[in-house]
Amino acid sequence: MTTASSAPALEFTGERFTPECVREIWYEHWARYAFAAGFARGKRVLDAACGEGFGSALLARTAAQVTGLDVSAQAVAHAQSRYGGVANLRYVQGDCTRLDLPAASVDLVVSIETLEHVAAQEEMVAGFARVLGEDGVFIVSSPDKRTYSDVTGFRNEYHVRELYREELLALLGTHFPEVRLYGQKLLFQSAIWALDEDGSRASAIAATTAEAAADGSTLLKSGLQYDPLYFIAVCSRRPLGELPRLALFGDRAESVYAHYNHEVRKNIAAGGRIAELEAQVEALRAEVGRLQAATKS
């Protein structure tokens with residue numbers, strides 16, 4: 001298993017994710033790489049724009065070989081220092097829009113939240129198609145411009161060109177005849193799932209779940225393998241037939257998330273105000289000290 005060294009964390013600028021980030025962004029980025037890890041077993045993998053390097057290290061746990069590529073020399077040096085030393089993992093500096101790799105040299109290309117940061121999107125996708133073998137797989141994530149920016153009014157200063165769904169499909173379809181599109185979003189749901197007959201956690205649900213810990217360890221599992229807080233039983237004197245294995249419930253307004261988001265933003269604002277007040281207090285103390293010194297003299 002790949003283990004992280006004590007290398008200092010890269011600064012989070014808003015453009016490059018680091019494992020030290022918390023809350024939503026932590027969930028989002030780990031989930032993407034955990035999903036991609038299901039395709040990486042025994043494969044030659046290119047993690048394009050690998051950034052801090054944590055995703056490449058995760059993929060290397062099951063892949064035959066992983067190359068983490070990033071345009072930033074600082075990021076590559078950090079990744080090598082923190083996650084290097086594993087025989088099937090290497091980090092190299094390079095531009096993912098101008099790949100310097102042989103044709104058909106990899107089986108899987110992973111590009112997480114990169115597309116929207118570059119202008120040469122066509123060149124990038126074409127390069128990925130070139131380095132992939134005939135049976136190769138390309139996994140890419142990118143925000144939906146409609147929900148990420150248009151609906152919220154939010155503008156990410158690091159994004160060069162965000163794509164609508166139709167634009168993304170058109171871009172990918174030029175080089176990949178087969179495209180399966182997934183959606184990703186943090187959801188507050190009440191989950192009800194079937195338990196095995198012996199009352200243990202369910203493993204027969206047609207889903208894969210992943211858990212990541214703060215130390216970077218990740219576990220891929222079949223089904224929803226959680227300890228239930230409540231039991232729900234469906235009973236009858238006659239055979240019940242086929243029943244749902246999984247039921248999710250959420251409210252349209254996403255009120256739980258709205259409250260959570262409000263509280264987080266409020267706490268962040270309060271922390272900023274506290275820091276301002278502490279700075280003012282320190283300035284007043286310094287002024288009092290100066291006046292006292294002047295009075296004594």
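Side-chain atoms are counted along with the backbone in the values below, which use heavy atoms only and exclude waters and symmetry mates. Note that the structure is a prediction, hence the values are computed from the model and not measured.
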Donor + acceptor pair across side chains of E122, H175 (<3.5 Å): yes
Sub-4.5 Å side-chain heavy-atom contact between V118 and V160: no
Any donor-acceptor N/O pair, D95 side chain to V71 backbone, under 3.5 Å: no
Separation of L59 CG from L89 CG (nearest 0.5 Å): 9.0 Å
Side chains of Y83 and E52, donor plus acceptor under 3.5 Å: yes
Note, L99 side chain near L69 side chain (heavy atom, < 4.5 Å): yes
Whether over 12 other heavy atoms sit under 6.0 Å from D100 CG: no
N88 side chain to A63 backbone, donor-acceptor under 3.5 Å: yes
Sub-4.5 Å side-chain heavy-atom contact between L169 and V179: yes
Side-chain donor or acceptor of Q121 paired with backbone N/O of R161 under 3.5 Å: yes
Interatomic spacing from OG in S105 to CG in L132 - rounded to 0.5 Å: 8.5 Å
Min side-chain heavy-atom separation T67-L101 under 4.5 Å: no
E162 side-chain N/O to E116 backbone N/O, donor-acceptor pair under 3.5 Å: no
Flag, side chain of E113 to backbone of S142, donor-acceptor distance under 3.5 Å: yes
Polar contact flag, side-chain donor to acceptor under 3.5 angstrom, T97-E123: no
Test item: T152 side-chain N/O and Y148 main-chain N/O as donor-acceptor pair under 3.5 Å: yes
side-chain hydrogen bond (donor to acceptor under 3.5 Å, both in side chains) between D47 and Y91, worked out: CA-CA 9 Å; D47 183 16; Y91 295 95; over 6 Å; no
